[in-house]
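Below: the structure, in structure tokens.
Whatever order the structure lists them in is the order used to number ligands and atoms, beginning at 1. In this chain, residues are counted from 1 in sequence order.
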Amino acid sequence: MTAQLIDGKAIAEQVRQQVQEDVAAMVSAGKPKPGLATVLVGENPASQVYVSMKQKACAQAGVESFGHKLPETATQEEVEKLVSELNADERINGILVQLPLPAGLDEERVLNTISIEKDVDGFHPLNIGRLAQKGRDPLYVPCTPYGCIYLLEQVGVKIEGANAVVLGRSNIVGMPAALLLVRRNATVTICHSRTQDLPGVVRGADILIAAIGRAQMVRGDWIKPGAAIIDVGINRIEDPSHPKGSRLVGDVHFDEAKEVADWITPVPGGVGPMTIAMLLRNTVRAAKLAG
Ligand code: NDP
């Protein structure tokens, strides 16, 4: 059996198209364009690339972006002061503080400073707390986990009643992904570095979300026949046959797993493109909530 591919690139493009149409409708109704502020502290090269990708995506969708840079030496007070100014700026509907922050800065305090109405990354403790509580709804859901669930829903994978296994318990992917699945009535097992018999646990998964950052660790014989696999991992491995000498792979051994699963995301082109698409979607939601 060969699994059907979940084409994250195409699905993300549809989301971005919808965002563009929503923005155009807002503008033609006389409303301002939604605004997203990005805050980049320090010189982390990967963070610079992510921020510039987000700004380009904003421009393409008609969302106004306001880029703010602070030096590596910025103090906690300087970062929090900037966030407070952005909270008060009416042109800005969403604030994205690119993580990780340089060593010495207290990430939790910075995230706490963001006004919950502008927390389009969904990392504010209040939004995460609401996500974890029955009968409460967060204003925004973290973008990568939101993208994972969106992919499952778009291809029609039944979440309710499914046994779902999430590999990884990070604040940005694993834990919120597990919370989203439980809210959709899956029975969820969360695995981490101390989990015993990982292959055995994964073999029970109708839905597998892998977010551990370990290249191709999940093998084909771990997969339950007919499972749906969302591979969040992004890992670079050496490959002399590739022009660059290396290539990106996920946490799941794709070639083996696709022979057993019913649905699988590729890496790249699966979850990756969804993160920015969901950020744009959250920003438009923020603009609508602001009126
Ligand atoms: P973290 O390093 O924060 O978390 C990794 C998690 O995996 C931890 O919970 C850890 O367990 C667990 N883990 C690590 N090794 C093992 C193992 N051998 N067996 C079982 N569990 C293990 O990573 P992130 O959540 O930030 O990212 C995970 C992956 O997703 C990375 O490859 C990252 O690049 C990718 N990613 C992709 C995004 C996208 O597509 N847009 C966005 C964000 C991340 P413990 O808690 O015990 O340490």
Side-chain angles (χ1 to χ4, degrees), residues 6-13 15-16 38 44-54 56-57 96-101 103 107-108 111 120-123 128 131 140-152 164-181 188-205 208-219 222-223 229-237 246-254 264-282:
I6 305 178
D7 186 346
K9 210 171 155 195
I11 295 174
E13 192 45 50
V15 173
R16 287 165 69 149
T38 57
N44 181 324
S47 294
Q48 288 174 347
V49 171
Y50 291 142
V51 167
S52 107
M53 281 167 68
K54 288 166 187 173
K56 271 193 203 133
L96 178 139
V97 176
Q98 186 65 44
L99 303 176
L101 291 170
E107 182 181 298
E108 192 185 351
L111 295 180
V120 288
D121 242 351
F123 294 145
I128 293 287
L131 188 64
Y140 310 100
V141 171
C143 302
T144 302
Y146 187 11
C148 295
I149 304 300
Y150 193 87
L151 289 177
L152 288 169
V165 171
V166 179
L167 303 185
R169 57 177 166 183
S170 71
N171 290 338
I172 62 166
V173 192
M175 192 56 79
L179 294 170
L180 284 169
L181 287 165
V188 182
T189 306
I190 304 171
C191 301
H192 44 77
S193 63
R194 317 282 167 84
T195 297
Q196 301 290 308
D197 184 22
L198 202 58
V201 178
V202 172
R203 279 187 195 111
L208 174 68
I209 296 187
I212 50 179
R214 299 280 178 268
Q216 300 176 315
M217 196 177 103
V218 178
R219 307 305 301 241
W222 298 21
I223 304 299
I229 302 174
I230 304 291
D231 191 352
V232 188
I234 303 175
N235 312 284
R236 187 164 286 283
I237 58 163
S246 68
R247 67 189 165 96
L248 294 179
V249 296
D251 293 339
V252 177
H253 195 297
F254 182 84
I264 189 165
T265 56
V267 176
V271 177
M274 293 304 292
T275 301
I276 290 182
M278 296 333 249
L279 174 67
L280 294 173
R281 199 177 156 101
N282 278 349

[X] neighbourhood, listing ligand 1 atoms whose heavy-atom distance to it stays under 4.0 Å:
{"X": "I172", "answer": "26 (O)"}
{"X": "G168", "answer": "6 (C), 7 (O), 9 (O)"}
{"X": "T275", "answer": "39 (C), 41 (N)"}
{"X": "V173", "answer": "25 (O), 43 (C), 44 (C)"}

Might you point out which heavy atoms bring [X] and [Y] nearest each other, and give the distance in Å?
{"X": "P142", "Y": "I172", "answer": "CB-O, 4.4 Å"}
{"X": "V271", "Y": "C148", "answer": "CG1-SG, 4.1 Å"}
{"X": "I6", "Y": "P266", "answer": "O-CD, 3.2 Å"}

Backbone of [Y] reached by a side-chain donor or acceptor of [X] within 3.5 Å:
{"X": "D231", "Y": "T265", "value": "no"}
{"X": "T195", "Y": "L198", "value": "no"}
{"X": "N235", "Y": "V249", "value": "yes"}

Nearest non-hydrogen atom to [atom] belongs to which of [options]?
{"atom": "atom 38 (C) of ligand 1", "options": "V232, I276, D231", "value": "V232"}
{"atom": "atom 8 (C) of ligand 1", "options": "R236, M274, R169, M278", "value": "R169"}
{"atom": "atom 10 (C) of ligand 1", "options": "G213, S193, G250, P273", "value": "S193"}
{"atom": "atom 20 (C) of ligand 1", "options": "H192, R194, M217", "value": "H192"}

Please verify whether a non-hydrogen atom of [X] lies at under 4.0 Å from ligand 1.
{"X": "L167", "answer": "no"}
{"X": "C191", "answer": "no"}
{"X": "T144", "answer": "yes"}
{"X": "G272", "answer": "yes"}

(request) Please list, chain by chain and in numerical order, all residues satisfying side chain to side chain donor-acceptor pair (under 3.5 Å) with N282, sequence neighbours excluded. (result)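 Here no residue qualifies.
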(request) Report the residues that fulfil side chain to side chain donor-acceptor pair (under 3.5 Å) with Q48, sequence neighbours left out, ordered by chain and then residue number. (result)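 Applying side chain to side chain donor-acceptor pair (under 3.5 Å) to Q48 gives E43.
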(message) For atom 3 (O) of ligand 1, what is the closest protein heavy atom, and at what distance to 0.1 Å?
(response)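 For atom 3 (O) of ligand 1, the nearest protein heavy atom comes out as S170 CB, 3.4 Å.
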(message) For atom 2 (O) of ligand 1, what is the closest protein heavy atom, and at what distance to 0.1 Å?
(response)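 Closest protein heavy atom to atom 2 (O) of ligand 1: I212 O, 4.9 Å.
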(message) With nothing but distance in play, are any N or O atoms of G174 less than 3.5 Å from an N or O of ligand 1?
(response)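 Not met; the criterion fails.
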(request) Could you tell me the separation between the CE atom of M274 and the CD1 atom of I149, rounded to the nearest 0.5 Å? (result)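 Rounded to the nearest 0.5 Å, the CE-CD1 separation comes to 11.0 Å.
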(request) Drop me the distance from I229's CD1 to L152's CG, to the nearest 0.5 angstrom. (result)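 Taking CD1 in I229 and CG in L152, the distance rounds to 11.0 Å.
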(message) For atom 32 (O) of ligand 1, is there a protein heavy atom at a distance under 4.0 Å?
(response)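 Given the 4.0 Å limit, the answer for atom 32 (O) of ligand 1 is yes, a protein heavy atom qualifies.
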